[in-house]
Number of protein chains: 2
Amino acid sequence: MSVDRKKLIIEAATKSFSLFGYKATTMDQVAKIANVGKGTIYTFYANKEELFKEIVDNMIVEMEKEANDAINPEQPFMENLHLTLYRLLEFRREHQLMIKLFQEEREIRTPAVLEIVEEIENAIISFIAEKINIAIQKKYIKDCDPELTAFLMLKMYITLIVDWERIRKPLSKEEIAELFDLYLFKGLSF
Amino acid sequence: MSVDRKKLIIEAATKSFSLFGYKATTMDQVAKIANVGKGTIYTFYANKEELFKEIVDNMIVEMEKEANDAINPEQPFMENLHLTLYRLLEFRREHQLMIKLFQEEREIRTPAVLEIVEEIENAIISFIAEKINIAIQKKYIKDCDPELTAFLMLKMYITLIVDWERIRKPLSKEEIAELFDLYLFKGLSF
DNA sequence: TAATGACCGATTTGTTCATTCGGTCATCAC
DNA sequence: GTGATGACCGAATGAACAAATCGGTCATTA
């Protein structure tokens with residue numbers, strides 16, 4: 001059996017998108033890195049965007065795996081939710097491809113990248129919403145719209161970790177856990 | 001006494017910035033609208049950015065006045081906080097200059113506009129933080145960092161009103177009030 | 001027949017030149 | 001003499017054109 005060309009292409013594309021982003025990655029370059037003719041890529045993927053989606057979808061699977069690894073079954077639900085959200089934002093801050101994607105979203109606004117970032121966000125929301133849905137059924141938390149709650153929690157974490165750090169001081173993991181618990185779980189009322 | 005040239009300039013600049021934004025407003029144009037020589041503008045303001053700041057600072061004062069008008073002393077603190085935040089975001093959505101500013105922030109990223117938008121955000125945060133500070137002292141709510149809490153609340157409102165509407169369905173004023181009360185005041189715990 | 005890379009039209013990039021703009025200051029009107 | 005002005009300046013922007021690059025195709029090849 002000859003070499004697995006599809007695998008070579010996926011590896012090459014992952015490298016290139018991670019290093020240069022979507023726009024700055026050329027199909028010629030991917031072919032070169034993969035040691036494959038350019039035409040070969042088009043026997044597996046209809047176009048550049050399809051190849052891109054495949055790479056990002058793989059990353060999303062990897063991300064969800066990591067998020068699940070963060071869960072500690074002995075901890076209460078809200079603590080695990082915190083650990084999950086925190087791990088997701090760690091991934092977002094450290095994963096090469098993720099970094100490039102968000103940078104390109106901000107700085108170049110490549111349409112294909114805007115689309116894929118929205119897809120990533122949706123994946124995260126679905127992922128969190130599912131956990132919330134279960135928590136509602138098990139009466140761990142009050143009844144609420146799981147999707148909206150997930151959306152709000154994600155935005156809250158981005159606010160606490162990314163935005164607040166930009167204008168004031170960075171918060172530690174423990175501080176964020178406490179704030180999450182105070183604002184969303186216990187509430188500000190006495 | 002001759003005409004108040006400074007007032008004419010302020011009125012003209014307000015009109016022009018509101019209609020065309022910062023970048024597309026020229027000093028020649030402001031002078032023309034104000035019926036004033038271009039040099040005259042520079043006897044009051046050191047440069048275009050200073051003039052811009054004056055106009056936006058006036059708008060901030062107007063915005064805070066409107067936000068205060070939204071308060072109903074007979075209502076409980078959290079309801080008034082909701083009314084205030086909602087009014088602030090209404091202002092943001094409806095005020096000509098505000099609309100142009102945020103549009104230019106997103107689409108052109110003019111440095112001077114990025115700066116001023118941050119200034120506006122800081123003004124809102126200080127404004128809300130002050131209310132929260134008083135509420136903490138009066139034991140209306142638990143102890144917390146007023147600035148961080150204000151920041152979080154503002155972001156939460158933007159999430160609920162702007163972001164959620166973009167990806168799903170718009171929420172009514174009452175729904176937002178309920179969500180605000182549920183998530184931040186009562187909390188999700190039983 | 002799976003793999004390839006020369007080739008194509010479209011888009012992007014680089015370059016040059018003309019225009020516009022923010023800011024100055026010599027002159028003017030009173 | 002003083003406050004107001006607009007012609008003028010260099011820098012920045014934009015238009016226009018040429019050159020290079022890129023995504024995608026398909027006749028050829030091994």
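Letters A, B, ... mirror the listed sequences (proteins, then strands); counts begin at 1.
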Between the protein and nucleotides 20-25 of chain C, list every N/O to N/O distance that falls short of 3.5 Å.
residue, atom, partner, partner atom, Å
C/dG22, OP1, B/Thr25, O, 3.1
C/dG22, OP1, B/Lys48, NZ, 2.8
C/dG22, OP2, B/Met27, N, 2.8
C/dG22, N7, B/Lys38, NZ, 3.2
C/dG23, OP2, B/Tyr42, OH, 3.2
C/dG23, OP2, B/Lys48, N, 2.7
C/dG23, N7, B/Lys38, NZ, 2.9
C/dG23, O6, B/Lys38, NZ, 2.3

Figure out the [atom1]/[atom2] separation between [X] and [N], and round it to whole Å.
X	N	atom1	atom2	value
A/Phe52	D/dG23	CZ	P	13 Å
B/Arg5	C/dC30	CZ	P	12 Å
A/Lys6	C/dA3	NZ	P	12 Å
A/Asn35	C/dA3	CG	C1'	13 Å
A/Ile108	C/dT12	CD1	P	12 Å

Problem set entry | A/Tyr140 atom OH, neighbour heavy-atom count above 12 within 6.0 Å |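 It does not: A/Tyr140 OH has 12 such atoms or fewer within range.
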Problem set entry | Residue pair A/Arg87, A/Glu94: steps toward the salt bridge (charged side-chain N to carboxylate O under 4.0 Å, His left out) verdict | CA-CA 10 Å; A/Arg87 182 66 69 92; A/Glu94 287 160 18; over 6 Å; no
Using residues 179-190 of chain A as the side-chain source, report each donor-acceptor pair under 3.5 Å to any protein atom, sequence neighbours left out, with the distance given to one decimal.
residue, atom, partner, partner atom, Å
A/Asp181, OD2, A/Lys186, NZ, 2.9
A/Tyr183, OH, B/Thr149, OG1, 2.6
A/Ser189, OG, B/Phe185, O, 2.9

Exercise. Hey, is the main chain of A/Ser126 close enough, under 3.5 Å, to the side chain of A/Glu147 for a donor-acceptor pair?
Worked result: no
Exercise. When you measure from the side chain of A/Thr110 to the backbone N and O of A/Val113, does any donor-acceptor pair fall under 3.5 Å?
Worked result: no
Under 3.5 Å, which N/O atoms of the protein pair with N/O atoms of nucleotides 27-30 of chain D?
none

Exercise. Among the clusters formed by ILVMFWY side chains lying less than 4.5 Å apart, do B/Leu81 and B/Ile71 turn up in the same one?
Worked result: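 The answer is no; the residues belong to distinct hydrophobic clusters.
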Exercise. Should B/Ile161 and B/Leu83 be regarded as members of a common hydrophobic cluster, given that ILVMFWY residues are connected when their side-chain heavy atoms come within less than 4.5 Å of each other, either directly or indirectly?
Worked result: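 In one cluster with B/Ile161: B/Leu83, no.
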Exercise. Should B/Glu121 and B/Lys155 count as an ion pair when the cut-off is N to O under 4.0 Å?
Worked result: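 Salt bridge present between B/Glu121 and B/Lys155.
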